[in-house]
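Note sheet for the following structure.
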Amino acid sequence: MKRIILLAVLGLICAMPALLQDDGNCDTANLGEAIQTQLQEIEDDPIAALNEIIQLALGGLFDCSDDRQEFSGQAGAQPVLGPLALHKGFYIVKLTTEGSARVEATSLETCGKDLVSIIFNISAGQAINGAENLVQAEDDCTVYLELSKISASWTLEIAKVR
């Protein structure tokens, strides 16, 4: 079990540079060093070290998050997108598809009413040119988007309103 957890953490660390965007607050060198320090502590106290690695990764997710994100998929897929780090503010969520789709948001913290509800429930043909919805993150938070009833290729864009 320890090996599986360790492999998952190492996979997260290897993927971290690809996940993190270069931003003013995004210090990937220090983040990598802090995670490496925790990996050295994993033999002494694995639970505390893994917990600290998770906290460091979540902090990096917010510090290095981009205010514009884009996802896409094929018919039949029913993915859960996330964790998505959203900073306080307004976002335009745009769904483009020739088919039907449903997008529901679930937040882990207090994001506000817009991010604990259905964002889109689109019938076939309604979002050919893109359907948009304005949502508000009332505070910095982590959100997951669950897509279902997908009947055609789709793209989902999230852009912060400036």
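Throughout, numbering of the chain's residues begins at 1 and tracks the sequence. All values below were derived from every heavy atom in this structure, side-chain atoms included, with hydrogens, water molecules and symmetry-related copies excluded.
To the nearest 0.5 Å, the span separating CG on Leu86 from CD on Gln69 amounts to 6.5 Å. Considering CH2 of Trp154 and CD of Gln74, their distance stands at 9.5 Å, rounded to 0.5 Å. Distance check, rounded to the nearest 0.5 Å: CD1 of Ile47 to CD1 of Ile42 gives 9.0 Å. Annotation: the span from Lys113 atom NZ to Ser107 atom OG amounts to 13.0 Å, rounded to 0.5 Å. Interatomic distance, Leu56 CG to Gln36 CD, rounded to the nearest 0.5 Å: 12.0 Å. Taking CG of Leu39 as the reference point, atom CG of Leu50 lies at 8.5 Å (rounded to 0.5 Å).
Taking all atoms of both residues into account, the shortest heavy-atom contact from Leu115 to Val135 is CD2-CG2, 4.2 Å. Taking both residues in full, the closest heavy atoms of Asp114 and Leu134 are given as OD2-O, 4.3 Å, listed atom of the first, atom of the second, then distance. Nearest heavy atoms, Lys94 versus Gly130: CE-CA, 3.9 Å. Shortest non-hydrogen contact noted between Ala77 and Ile150 is O-CG1, 3.1 Å. The heavy-atom pair separating Gln38 from Ala48 by the smallest distance is OE1-O, 4.4 Å.
Here the side chains of Leu145 and Ile158 are in contact, with some heavy-atom distance below 4.5 Å. At a threshold of 4.5 Å between non-hydrogen side-chain atoms, the residues Val103 and Val93 do not count as touching.
Partners of Ser100 according to the side chain to side chain donor-acceptor pair (under 3.5 Å) rule, which considers only residues two or more places apart in sequence or in another chain, are Ser151. Residues satisfying the side chain to side chain contact (heavy atoms under 4.5 Å, CB included) test with Ser123, not counting sequence neighbours, are Gln126. Shown here are the side chain to side chain donor-acceptor pair (under 3.5 Å) partners of Asn30, two or more places apart in sequence or in another chain: Asp27. Judged as a side chain to side chain contact (heavy atoms under 4.5 Å, CB included), and not counting sequence neighbours, the contacts of Glu138 are Gln136. Legend: residues meeting side chain to side chain contact (heavy atoms under 4.5 Å, CB included) with Ala131, ordered by chain and number and at least two apart, are Phe120, Ile122, Ala127.
For residues 94-134, the disulfide bond (SG atoms under 2.5 Å apart) pairs, not counting sequence neighbours, are Cys111-Cys141.
Between the side chain of Glu109 and the backbone N or O of Thr142 there is at least one donor-acceptor pair closer than 3.5 Å. In this structure, the side chain of Thr97 engages the main chain of Ser153 through a donor-acceptor pair within 3.5 Å. The backbone N or O of Lys88 sits less than 3.5 Å from a side-chain atom of Lys160, completing a donor-acceptor pair.
Between Arg102 and the choices Asn121, Leu95, Leu147, the side-chain contact (heavy atoms from CB on, under 4.5 Å) rule is met once, by Asn121.
Cluster annotation: Ile119 is not connected to Tyr144 through the hydrophobic network of ILVMFWY side chains, with a link wherever side-chain heavy atoms come within less than 4.5 Å.
Heavy-atom contacts from other residues, nucleotides or ligands closer than 6.0 Å to CD of Glu132 number more than 12.
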